[in-house]
Amino acid sequence: MSKVQTGLRYSAEHEWIDGGTPATIGISEVAADALGEIVYVDLPEVGASIAVGQVVGEVESTKSVSELFSPVAGEVVAVNEAAVGDPALINSDPYGEGWLFRVAVSEEGPLLSAEQYAADNGAEI
Amino acid sequence: MTDPKRTALHEEHTALGASFTDFGGWDMPLKYGSELAEHRAVREAAGLFDLSHMGEVWVSGPDAAAFLNTALVGNLAAVAVGRAKYSLICDAGGGIVDDLIVYRITDTRYLVVPNAGNAETVAGLLAERAEGFHAEVSNASAETSLVAVQGPAAERILLDLLDERQHEAVTGLRYYAWAAASIGGSGSATASGPDTGSMPDRGSGADTGSGIAAGAPIDVLLARTGYTGEDGFELFVPNDRAAELWRLLLAAGAPHGLIPAGLASRDSLRLEAGMPLYGNELSREVTPFEAGLGPVVSFAKEERFAGRDALEARREAGPGMRLVGLRGSGRRAGRAGYSVLSGGEVVGRITSGQPSPTLGYPVALAYVSPEHAEIGTRLEVDLRGRPEPFEVVPLPFYRRPATG
């Protein structure tokens, strides 16, 4: 069963965000498992201004494709080029090496605790 | 909605850790671990598939050949005993009701294999069309399991499981041909010739001892057919021997790199091989001509087969759309339902599409208007609002390397 990592908060659209400054954002293991093996990821440009809920990229597996929504507003300050080059990192280590981008946050959207997100998605902590 | 049906191998899949998906009303394994690893195993070694959701319909009687020539678009009377043929069953308007494989078992006996979701429809339609013929249609789908071993190592795996007297029958078995075989047991089996057809029919009563006792050889109908673009075999077996056969194949295949493979890899493999899927490329909305299957229709046969008038008219008029292969030049894949564009105008629609695991670029099957169907035509696919370049390429996308 897919794992939900504690110490992170989650959006209903399956992004996670840590408490860092800037904040690091990725997709949950629930989302990565549902997509299957990820073969392509499209991320926002460094320097882009993004809004809460905005489509900022997409994650594509052999079987399906999923849009990436920003859980926060702010400026993109880094993207994970390693994950762009090797999207399998998102499957193998969604909360670590498979992170997606970092944002200098000006505003947060609605976020769930790890416990709430796990309960909503039938996943385990 | 009724609960999805389960194959006789469902417990085997659960024990192997499969994740499941509904397909044609059946709860089928989607993948066991990694769908990409399963895909690669079939291209490089072998994969083992449960295809028990497919239908098995027996057609028997002195008029079997003549009847099938009126019920299906192909010339089944011309198929030799021991061989198989890909065919279509069409409605009166020429629309495709299903695509199927027809095995000729004896002069007067055929095995018709329709798709999972269509098995009842096809069996019913055949029974209806058999009226007035000395031919009996019997739907054995519920009692029959089907497993497939696909991949370059498939033949070696089968040989490991068969006693030496049967080896020549397998090595000599051509593509789209079948033979009776006995797997496992103490080697007491006699490979019956392709004219007995004892397997897997449960109704003929003429079985050569379809042993229920454990340890007895498993009689199978062994066909060199498949849906992955690789060499491989499909094995028809009664439900009560299916789990045993599955385990024997897994064990014999493991040293050759065989792993169980689910529907996710089956779909990516068949797409690379450019094979149409019922419900995606094929439906009653299209005739064989749109689907590029015109040569499957035999106008040379004398029978007035179902759909003949409509298909003759369509042959004259030419298809309104054509099924083509598309190759993407970027990394983003087109998906079923996405629009195909030329100069901003919609000229077609994708029916299947995904990144090709073997080739490393996106591929898709699409219906496009005939003036955009030539090889080399540059088109775009509307990828969720952003047009991306795609090019019409020959099918199949992937062809297995010629063997020595």
Side-chain angles (χ1 to χ4, degrees), chain A residues 1-3 13-15 27-45 48 50-51 53-70 79-94 97-98 100-101 121-124, chain B residues 17-21 23 28-43 261-272 277 280 328-338 350 352-364 381-386 388 397-398:
Chain A
M1 189 182 276
S2 309
K3 287 268 188 200
E13 287 80 28
H14 308 289
E15 286 83 24
I27 64 167
S28 72
E29 193 174 300
V30 172
D33 287 353
L35 274 163
E37 282 166 81
I38 296 163
V39 295
Y40 172 68
V41 60
D42 182 44
L43 296 175
E45 304 272 325
I50 58 176
Q54 187 186 334
V55 173
V56 293
E58 59 188 24
V59 181
E60 183 147 22
S61 68
T62 50
K63 287 308 289 179
S64 64
V65 63
S66 177
E67 287 181 322
L68 196 59
F69 299 90
S70 179
V79 298
N80 184 359
E81 294 298 343
V84 172
D86 180 14
L89 285 176
I90 302 166
N91 290 110
S92 61
D93 193 7
E97 295 290 305
L100 296 180
F101 57 103
N121 291 282
E124 58 191 30
Chain B
S19 52
F20 290 88
T21 187
F23 187 83
M28 297 302 293
L30 179 67
K31 57 180 178 175
Y32 299 85
S34 147
E35 70 267 25
L36 286 178
E38 291 165 25
H39 183 110
R40 269 184 231 113
V42 173
R43 289 274 178 259
L263 289 185
S265 57
R266 181 169 162 88
D267 194 42
S268 50
L269 289 157
R270 73 91 195 164
L271 176 59
E272 287 181 349
L277 174 64
N280 286 41
S329 48
R331 291 174 70 184
R332 304 169 80 218
R335 305 281 175 176
Y338 287 13
I350 288 181
S352 297
Q354 62 175 66
S356 160
T358 307
L359 303 168
Y361 50 77
V363 297
V381 172
D382 182 351
L383 284 173
R384 300 176 296 287
R386 251 161 57 192
E388 294 264 350
F397 301 106
Y398 165 86

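First the proteins, then the strands, lettered A, B, ... as listed; each starts at 1.
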Item checked: Region of B/R331 in contact with chain A, defined by heavy-atom distances below 4.5 Å -> both
Notebook entry, point to check: Which bit of B/R384 comes within less than 4.5 Å of chain A, counting heavy atoms only: side chain, backbone, both or neither?
Noted result: side chain
Item checked: Toward chain A, the part of B/S34 with a non-hydrogen atom under 4.5 Å -> both
Item checked: salt bridge (Lys or Arg N to Asp or Glu O under 4.0 Å) involving A/E15 - partner list, sequence neighbours excluded -> none
Item checked: Those residues of residues 31-43 of chain A, ordered by number, that approach chain B below 4.5 Å (heavy atom to heavy atom) -> A/D33, A/G36, A/E37, A/V39, A/Y40, A/D42
Next item on the list: Check each atom of B/P357 against the heavy atoms of chain A and say whether the ones under 4.5 Å are side chain, backbone, both or neither.
Entry: side chain
Margin query: Heavy atom to heavy atom, less than 4.5 Å: which residues from residues 79-86 of chain A reach chain B?
Written below: A/V84
Note to self: Applying a heavy-atom distance below 4.5 Å, give me the residues of residues 62-70 of chain A that approach chain B, sorted by number.
What the structure shows: A/T62, A/K63, A/S64, A/V65, A/E67
